[in-house]
Structure formats: C-alpha cells, structure tokens
Peer 1: 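Could you have a look at this structure, given as structure tokens, before my questions?
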Amino acid sequence: MAESWVNYAERIGVDLHLELSGPGGRRAALTRALREAVRGGRLAPGTRLPPYRSLAADLGVARNTVADAYAELVAEGWLTARQGSGTRVAERARPLRRAVGAPAQAPARAGGPRHDLRQGRPDASAFPRAAWAASYRRALQAAPSEAFGPGDPAGRRELRETLAEYLARARGVRTEPDRIVICSGFAHALRLLFGRDAPGSTGGAAGAGGPAGGGVLRGPLAVEAYGLGFHRDLLAAAGVRTVPLPLDEHGARVAALGRERAVLLTPAHQFPTGGPLRPERRAAVIDWARARGSVVLEDDYDGEFRYDRRPVGALQGLDPERVIHIGSVSKSLSPALRLGWMVLPERYVEPVLAAKGEREGWASVPDQLALADFVACGSYDRHVRRMRQRYRGRRDRLVAALAERAPHIEVTGIAAGLHAVLRLPPGTERRVVEAAARRGVALDGLAAFRHPDGPASAGDGLVVGYAAPADHAYGAALEALCEVLAAA
C-alpha cells in the first residue's frame, strides 16, 4: 500500500501542515506550502518527497496537481528530479535565520548614534506616503505606452512643464520646459556639467571644453569658502580647480571674484553658515558674469524653507542667460527619490543633453510622472507648507532650549532650512563634537565644511540638523545636545 503523506511526514520528522487553500487554486497552494517548507528548513536538503500518486491520494487532489507543483519547484531550483531517485529537496545554501527571540528587523550598528542631528536630512517619517501613492497610481494609469520606452534624455515633458510653472510661481525662476533637464540630484548635475567624459560645448569662455576630455563647463570654479566637501571632491576628480570665496554674515563676498569661468553659490541660504546673499551682492555677481562671459551655478538646496519671511526669489530670475539654477526634492520630499533639475541658459541645453547621453543617467520615468502629478494636484505645496511649519517649530524649540540650558551658545544665520549653526567658544569645536559623539549625538562641526585653501572665518561652531529625528525622538535629542553644550 502506498505510504500516506501523514505517515511519511512522521517518518521523516516534519510537520508541513499542507493547507491547500488560498489564491491560485490547489496547485498554487501546494507549491507555496512546499516552497515555504524548504525555505524555512522544515524539509532539509536531500529529503526525498513521496511519489505523485501517494501525495495526491493523501491530499485528495488530482495526480497532475502534484506533478505540476513538483515540476514548477524543480524549474525554480527548490527540488531535483532524477530517474530512479525520485524527487528530492535540492542542495541549497542555508537560509540566514534569526536567533530565537531576536528582533525581526536588523539592529542598529554597534556604536551608532542614538540621536541623529546631522545636517541635510529631512524627517523620513514625514514622507507623504498616501499622497505620493495616489499620484503614482494616477500617473501610471494616465501614462502613454511610449513613456515606458527609451524616452527623452531631457526628462519627461509632463514634469518639465509642471516644474516650469511651479518654479516661476514659488521661486521666481524664468524659464520654459525646453530649458529644463531632469537629473537625479545636485551631484549628478555637477557630473554632467564638469564630468571628464562629457563632450565640450561651444558656449564661449564658460562653455568651452575643459581639460582632460572636458565637460560642458571648465574651471577654475569659484566656490564659497564653506560648503560640502563631497562636492569639492567630485569637482577635483573631474580635474576642476576650485577657488574659495570668503564669507561673512551677508553671504559670499563676490567682490573677490576674478578670472574664474564660473562660480557656485547658495544664495538663498548659504550652506552651512546660514546667511542669505544680500541684494547688492546678488546684482554684483550677475554684473560680473555678464562682464566676464562667465556663468553662475545656483544651488537652491532648501530655498522653499524660510520661516521668518517669504522665501527669497531665485538668483536665476535676475538673468536666465547667466545663471544655471539647480534644485531637487532631496530636502523637501526625500533624497531616496533621486529627482532633481537644472534650469539652463539656452546655450547649455544641447551640451548638457549630449553629456547625459541617450540611455544612461536617467531618473526613473514613473517617479518623474508621479512628481509631475504630485506638484500639479497641489500635494507638493501642501507638503511643503506642512514641513515648513514642522521645521520652524523644531528650530524654535532648539533656540528656546539653548536659551534656557546653554545661554552662552549663540544660534546664527537666518531662520531657514533644515539646520542651524551654533557658535562655540574659540578652540572648543573638536572637543564638543567628540563629547557629543560619546553621548550618542551625531552632528557636524563647522571645520568639516571649510575649503582647505579658504580662511577659517566662521570660527568654531556646530552644524545641527534639526529635521532628521522623528517627532517623538526630537525632545530626547535636544536634551542630550543641551547636556553637552552646557559644559562647553
């Protein structure tokens, strides 16, 4: 008599609980049950399974149902079948298993910070999942079939049209869709503009091909004396020499510009020191670009987040032919989306598209379509307003806590963005950063952002990102920070 599945399971020491229910019918249910038994280790490698006829009779299903399930699992590599040897569980790498009682999610890395107050990080818990999912569904349903083909290196027309309207309304940018090129963030924009492998353009002094294969632009490039080292490293790797511009409370001192071919500025909110570029300097840098035939790169990294007044309009609005305006959703929505844009003078559009290429370096088309819908339906405006209120509240709590617990620490810069700069007594920055790290508080010192050839004009200080912690964790992060600073 054929051995029953129950007897067979007892003999090999397993209890598979084969419940033939669920989507897809009995064959699909049997396939799922056997697959999970192998994956979970209840059927060990080398275990011989009962013949089709025996298992079919025991489960009350057709023999073809079992045969088809076995065949599918053999094709997937879960089982092996050989003439005269029957069907057996395949020899596979053992699955990684959690220890009994271990948490379902991976624990934080040993020694990692308990409180993340690093700059440039939005509150990931505030991502508008429901609104984004609704826009994504609408975008996919409305997308033409050609949207899923090779497409346009400039980016989807729907998004470029929506951005042209939004940037004009919210940031004072003067442009049209054909002058916008979608990229995957500010660093990607720099690679396209200065990358070694990009073909040179013929756009005058600022558009001539650069050294060692060149790019759309070439150096020397003036940069603010304090900024992201990652960007400087990227430029150095492309063979671009950067010249530091001194800073004061009114932003970059553009009067120090000389024969550079381009200048990179954060005019709305200098990163990281926090001052805006004052109006006369905004006009002066445009005059310099016109006189020199140079170009201004405007990093509008957090221009929508001004808390003490309406956001200052983009520098690009003063002269669209002398400013390359670069923005992204990294601070406003999430850096995980990898969506940004360049608003270009007309002479740079074709060289940038040539640098981007026909196939590579594109942002996800479905994400582009979703962002177009997200902006067009008003969800983006609502999210920015909500986050503006939240981040303003975070900054106000930081200022109030310091006034009470560490009144000798001054908060500098305008009320804007996702970070604040705290002035420290001279000679204390390194010690305070190390003390914070010992208490599990991750933050940055000002010295980390200074250009190696630039003056240490900002003095000692901390760059505190108040946006990253979730609401429920922010109070504890402030408490830990104040304990460190009270002793500074």
Side-chain angles (χ1 to χ4, degrees), residues 122-124 126-186 188-189 268 298-306 310-314 316-317 320 324-344 349 352-353 356 361-391:
D123 182 354
F127 184 79
R129 302 182 189 215
W132 180 260
S135 285
Y136 209 96
R137 285 193 298 270
R138 285 193 298 268
L140 288 182
Q141 290 169 356
S145 296
E146 55 86 14
F148 302 98
D152 186 344
R156 288 298 300 181
R157 182 83 187 183
E158 297 93 329
L159 178 56
R160 291 185 286 122
E161 289 178 347
T162 301
L163 283 174
E165 187 278 329
Y166 172 78
L167 292 172
R169 169 172 55 83
R171 303 295 300 122
V173 170
R174 296 157 54 197
T175 191
E176 56 190 23
D178 290 340
R179 294 195 184 192
I180 297 177
V181 173
I182 303 301
C183 57
S184 56
F186 187 82
H188 185 209
E298 177 180 26
D299 181 1
D300 198 39
Y301 69 102
D302 66 358
E304 293 148 317
F305 293 108
R306 181 77 184 258
R310 287 181 57 85
V312 175
Q316 189 267 2
I324 296 175
H325 178 89
I326 307 172
S328 78
V329 298
S330 292
K331 306 296 186 294
S332 57
L333 273 175
S334 168
L337 290 179
R338 311 308 309 148
L339 284 172
W341 51 85
M342 287 184 280
V343 180
L344 297 162
V349 174
V352 167
L353 292 179
K356 193 174 184 186
W362 292 11
S364 160
V365 166
D367 284 350
Q368 290 184 54
L369 294 172
L371 180 59
D373 180 274
F374 195 74
V375 174
C377 74
S379 292
Y380 187 76
D381 285 288
R382 288 189 291 273
H383 177 72
V384 168
R385 285 196 299 270
R386 183 167 61 251
M387 299 314 296
R388 192 181 289 138
Q389 293 173 351
R390 177 175 299 189
Y391 294 152

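Note that the coordinates shown come from a computational prediction; the quantities given were computed from them, not determined experimentally. Starting from 1, each residue takes its place in the sequence as its number.
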Peer 1: With sequence neighbours left out, write down each residue that passes side-chain hydrogen bond (donor to acceptor under 3.5 Å, both in side chains) with Arg174, or none if nothing qualifies.
Peer 2: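 Checked Arg174 against side-chain hydrogen bond (donor to acceptor under 3.5 Å, both in side chains); zero matches.
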Peer 1: Report yes if the side chains of Leu371 and Trp132 come closer than 4.5 Å at any heavy-atom pair, otherwise no.
Peer 2: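 Touching, per the 4.5 Å side-chain cut-off.
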Peer 1: Quick one: does Asp152's side chain get under 4.5 Å of Arg160's, heavy atoms only?
Peer 2: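 Yes, their side chains come closer than 4.5 Å.
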Peer 1: Output all residues satisfying salt bridge (Lys or Arg N to Asp or Glu O under 4.0 Å) with Asp381, sequence neighbours left out; order by chain, then residue number.
Peer 2: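 Expected list: Arg169.
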Peer 1: Mind checking what makes ring-ring contact (aromatic ring centres under 6.0 Å, His included) contact with Tyr166, not counting sequence neighbours?
Peer 2: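 If we apply the ring-ring contact (aromatic ring centres under 6.0 Å, His included) test to Tyr166, skipping adjacent residues, the hits are Tyr380.
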Peer 1: Could you list the residues that satisfy salt bridge (Lys or Arg N to Asp or Glu O under 4.0 Å) with Glu304, not counting sequence neighbours?
Peer 2: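 Partners of Glu304 under the salt bridge (Lys or Arg N to Asp or Glu O under 4.0 Å) test: none.
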Peer 1: Looking only at atom types and distance, does a side-chain atom of Lys356 sit under 3.5 Å from a main-chain N or O of Ile182, one as donor and one as acceptor?
Peer 2: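 Answer holds: yes.
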Peer 1: What I'd like to find out is whether the side chain of Ile180 reaches to under 4.5 Å of the side chain of Thr175, using heavy atoms alone.
Peer 2: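 Yes, side chains in contact.
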Peer 1: Is there any salt bridge (Lys or Arg N to Asp or Glu O under 4.0 Å) pair reaching into residues 329-343, and which pairs are they, with sequence neighbours excluded?
Peer 2: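 Every pair satisfying salt bridge (Lys or Arg N to Asp or Glu O under 4.0 Å) with a residue in residues 329-343: there are none.
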Peer 1: For Ala363 versus Gln368, what's the shortest heavy-atom pair and its separation?
Peer 2: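 In this case the closest contact between Ala363 and Gln368 is O-NE2, 3.0 Å.
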Peer 1: Please list, chain by chain and in numerical order, all residues satisfying salt bridge (Lys or Arg N to Asp or Glu O under 4.0 Å) with Asp299, sequence neighbours excluded.
Peer 2: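 Expected list: none.
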Peer 1: For Arg137, give me all partners under side-chain contact (heavy atoms from CB on, under 4.5 Å), at least two apart in sequence or on another chain.
Peer 2: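 By the side-chain contact (heavy atoms from CB on, under 4.5 Å) rule, Arg137 matches Ala133, Ala134.
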Peer 1: Test of understanding: with salt bridge (Lys or Arg N to Asp or Glu O under 4.0 Å), list the residues that count as partners of Arg171, not counting sequence neighbours.
Peer 2: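 For Arg171 the salt bridge (Lys or Arg N to Asp or Glu O under 4.0 Å) partners, ignoring immediate neighbours, are Asp300.
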Peer 1: Would you say Tyr391's side chain and Pro122's backbone share a donor-acceptor pair under 3.5 angstrom?
Peer 2: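 The answer is no, because no donor-acceptor pair under 3.5 Å joins these two groups.
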Peer 1: Could I get the full list of side-chain contact (heavy atoms from CB on, under 4.5 Å) partners for Val312, not counting sequence neighbours?
Peer 2: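 So Val312 forms a side-chain contact (heavy atoms from CB on, under 4.5 Å) with Arg282, Arg306, Arg309.
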Peer 1: Can you list everything that forms a side-chain contact (heavy atoms from CB on, under 4.5 Å) with Glu146? Sequence neighbours excluded, please.
Peer 2: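 Once residues adjacent in sequence are excluded, the partners of Glu146 under the side-chain contact (heavy atoms from CB on, under 4.5 Å) criterion are Pro144, Arg156.
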Peer 1: Quick one: side-chain contact (heavy atoms from CB on, under 4.5 Å) partners of Ala131, sequence neighbours excluded?
Peer 2: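 Per chain and number, Ala131 pairs via side-chain contact (heavy atoms from CB on, under 4.5 Å) with Pro128, Phe374, Ser379.
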Peer 1: Applying side-chain hydrogen bond (donor to acceptor under 3.5 Å, both in side chains), name anything that partners Ser330, two or more places apart in sequence or on another chain.
Peer 2: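 So Ser330 forms a side-chain hydrogen bond (donor to acceptor under 3.5 Å, both in side chains) with Ser328.
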Peer 1: Under a 4.5 Å cut-off applied to non-hydrogen side-chain atoms, are Leu344 and Gln316 in contact?
Peer 2: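 Not in contact.
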Peer 1: Looking at Pro311 and Gly303, what are the two nearest heavy atoms and their distance?
Peer 2: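 Closest approach of Pro311 to Gly303: CB-O, 3.3 Å.
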